[in-house]
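These values consider heavy atoms only, across backbone and side chains, with no hydrogens, waters or symmetry-generated copies. Lettering of chains follows the sequences in order, A, B, ..., and the numbering in each one begins at 1.
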Amino acid sequence: MAFQIELEQHRKALIVRLKGELDHHTADLLKARMEDAIEREGALNVVLSLRELSFMDSSGLGVILGRYRQIAAKGGRMVVCDVAPHLVRLFEMSGLFKIVTMAPSEQAALAGLEVAL
Amino acid sequence: MAFQIELEQHRKALIVRLKGELDHHTADLLKARMEDAIEREGALNVVLSLRELSFMDSSGLGVILGRYRQIAAKGGRMVVCDVAPHLVRLFEMSGLFKIVTMAPSEQAALAGLEVAL
Amino acid sequence: MSASVFRNAMTLQFPSLSENESFARVAVAAFVSQLDPTLDELMDIKTVVSEAVTNAIIHGYEGRPDGIVTVRATIEGETVRIEVEDQGKGIEDIEQARQPLYTSKPELERSGMGFTIIENFMDETEIVSAPGKGTLIRMAKRIESRRKQALFN
Amino acid sequence: MSASVFRNAMTLQFPSLSENESFARVAVAAFVSQLDPTLDELMDIKTVVSEAVTNAIIHGYEGRPDGIVTVRATIEGETVRIEVEDQGKGIEDIEQARQPLYTSKPELERSGMGFTIIENFMDETEIVSAPGKGTLIRMAKRIESRRKQALFN
Ligand SMILES: Nc1ncnc2c1ncn2[C@@H]1O[C@H](COP(=O)(O)OP(=O)(O)O)[C@@H](O)[C@H]1O
Ligand SMILES: Nc1ncnc2c1ncn2[C@@H]1O[C@H](COP(=O)(O)OP(=O)(O)O)[C@@H](O)[C@H]1O
């Protein structure tokens, strides 16, 4: 079904905005687009905006974890923002919040990265 | 599924606002509510607002035709307003536009009734 | 045209309860969404499924809740085929049933427009029915996907 | 409690194509909508259906497109029961499969959280599986309808 990815190269992070439904069927596209941006364009930190994500299951957790490992190996960090309540439960269950930071908005996510740098 | 009816006794017409999905399953409720308002409260003219109707099939045509007959027997008139393009096709196919007037808005529907009175 | 045509199929079965009319049309619409139809096309599909399933419940099983309605849909390239089947009463005179405004149940305020709408909204319609055996409605429609429209506009 | 409990049921079958994951969860959600669930409950249902159907496609049929996935759902009063079945590979060690973060396909970036999510979101979960025979996931959840909440609040 409908799934869209918007990528923006911000000064200190790659901003990835997801829209629609992220499941096993759409996860491959996200993996390919993010791998590409991280490897070819050398993105270090990633801000993942879930504001317009209407559905996500454990296949989404898998791609996010995979991309986290990719940037963490180079010393990068990942911040997830605008996470809907039902997705917070998925993130909590999987322990993803132990390695990925949560922020209320893109601004807050970027500000948090600045401070940490 | 979700179907809601809002009734308003206007000076010269009963305004019936439909919301959601009108099919065979929900048509009985509309029939009962409108019959009641027409018989017990003596409504003569009816304005049917379809602005928030997201779905309607031929079962809807049946109830509308039935209520038209009910008021026409007493000399009343029916105006349908805010009809979405795909519903216009249904009305056209059934010939309902030959007996029921179409108006772009509730205001226009009420104004039309005033003039005709 | 690519050599490999996308194919998919689904079968849906449920008892003849009016609660399932809405469910059936949403399910078929979700299946057809794979072809990225326009909103108008999706509304056509929802409407014809609603007509055929309602007919199976009202006319086929005459309101009994224990009949089984079967809905099949297939996608082959750009064509959607939909079948709605019941093992109910069947239709005695199919030509009469197809007439606009003809209904055998005017007391239920049926409009008699079900088959007319189906034949108008779909590219192909076939009615297979025999009294006492049940009714099968076969329909097909070519979907002009939004994606393709965007490409060629 | 009224003496007559509302009952309904549906069966859905489709080939093991990833396109059908979205379709399956929308169809089941539309069926469950009859109970007027909260948005959170509907999201739980969609998620568990997505997990179980994805598992049938990836693990049961290992990506082959010609397997058949069957989804059954029943409503009995306030309880929804959902079954997802495949005739695929089957699970050798069910206890191991249920462990959070365990996956047999790390190369596909699976998170190993499917069964954990299902067991968390549903009131009851049962896994019936045998190597070479296939897998059946049985789940149940009581729905606190919005209508009822509105009445008692
Ligand atoms: N599944 C069915 N089983 C038996 N009879 C049917 C079935 N579908 C349609 N019919 C017959 O065909 C007639 C016309 O159907 P239709 O055009 O949908 O109008 P309506 O449903 O408003 O009566 C019905 O009144 C009924 O007699
Ligand atoms: N339908 C199935 N058929 C065969 N094996 C399965 C099936 N569902 C789950 N499994 C096995 O159980 C494991 C755990 O499943 P799950 O918790 O959903 O995690 P994941 O799908 O991320 O691997 C899978 O890795 C697989 O080995």
Side-chain angles (χ1 to χ4, degrees), chain A residues 1-4 18-36 38-39 46 48 50 52-73 78 80 83-100, chain D residues 14 16-29 37-63 65 69 84 97 99-122:
Chain A
M1 281 266 300
F3 177 64
Q4 281 160 45
L18 306 185
K19 194 169 172 169
E21 313 205 337
L22 175 54
D23 62 4
H24 161 242
H25 182 66
T26 53
D28 281 350
L29 181 66
L30 179 61
K31 181 184 173 179
R33 298 286 306 275
M34 283 187 73
E35 261 183 349
D36 205 61
I38 293 170
E39 269 166 31
V46 170
L48 200 60
L50 308 188
E52 296 189 72
L53 195 69
S54 53
F55 178 83
M56 187 185 105
D57 62 14
S58 77
S59 302
L61 293 175
V63 212
I64 295 176
L65 207 64
R67 300 298 73 62
Y68 167 77
R69 292 204 181 106
Q70 214 185 333
I71 55 170
M78 188 182 280
V80 189
V83 190
H86 61 269
L87 291 186
V88 170
R89 288 167 63 205
L90 285 194
F91 279 94
E92 272 168 353
M93 251 181 245
S94 67
L96 210 74
F97 281 148
K98 288 179 203 143
I99 50 179
V100 161
Chain D
F14 48 84
S16 47
L17 294 168
S18 64
E19 280 83 357
N20 292 327
E21 293 158 4
S22 148
F23 155 59
R25 61 180 182 258
V26 172
V28 176
T38 64
L39 284 183
D40 271 350
E41 287 169 336
L42 215 51
M43 201 54 89
D44 289 355
I45 299 281
K46 277 191 184 178
T47 308
V48 302
V49 170
S50 201
E51 298 298 347
V53 168
T54 301
N55 277 353
I57 293 172
I58 297 182
H59 301 299
Y61 296 115
E62 299 192 283
V69 182
V84 177
Q99 296 309 309
L101 304 175
Y102 171 78
T103 178
S104 57
K105 297 220 185 292
E107 73 280 12
L108 294 184
E109 291 200 340
R110 304 302 302 160
S111 64
M113 290 300 295
F115 279 138
T116 308
I117 289 171
I118 291 175
E119 293 181 354
N120 253 280
F121 283 7
M122 300 300 274

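Counting heavy-atom neighbours within 6.0 Å of Lys19(A) NZ, excluding the residue itself, gives a total of 12 or less.
Side-chain contact between Phe121(D) and Met93(A): present, with at least one pair of heavy atoms (C-beta onward) separated by less than 4.5 Å.
Residues passing the side chain to side chain donor-acceptor pair (under 3.5 Å) test with Asn20(D), sequence neighbours excluded: Asn8(C), Gln34(C).
Rounding to the nearest 0.5 Å gives a distance of 10.5 Å between OG of Ser58(A) and CG of Leu101(D).
Between Asp23(A) and Lys46(D) there is no salt bridge, since none of the side-chain N atoms of the basic residue sits less than 4.0 Å from a carboxylate O of the acidic one. In summary, Arg67(A) and Glu109(D) engage in a salt bridge, as defined by a charged side-chain N under 4.0 Å from a carboxylate O.
Side-chain contact annotation: Glu21(D) with His25(A), donor-acceptor N/O pair under 3.5 Å absent.
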- Full working for side chain to side chain contact (heavy atoms under 4.5 Å, CB included) between Val26(D) and Phe55(A): CA-CA 11 Å; Val26(D) 172; Phe55(A) 178 83; over 6 Å; no

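Heavy atoms closer than 4.5 Å to chain D are found nowhere in Leu96(A), neither backbone nor side chain. For chain D, the nearby part of Arg89(A) is the side chain; its heavy atoms alone come within less than 4.5 Å. Using a 4.5 Å cut-off between heavy atoms, Leu17(D) does not touch chain A at all. For Thr54(D), the part sitting under 4.5 Å from any heavy atom of chain A is the side chain, from C-beta outward, and nothing else.
No other option in Val48(D), Asp40(D), Thr47(D), Leu108(D) has as many heavy-atom pairs under 4.5 Å with chain A as Thr47(D).
Glu51(D) places no side-chain N or O within donor-acceptor distance of the main-chain N or O of Asp57(A), the cut-off being under 3.5 Å.
Listed in order of number, the residues of residues 110-120 of chain D that approach chain A to under 4.5 Å between heavy atoms are Arg110(D), Ser111(D), Met113(D), Gly114(D), Thr116(D), Ile117(D), Asn120(D).
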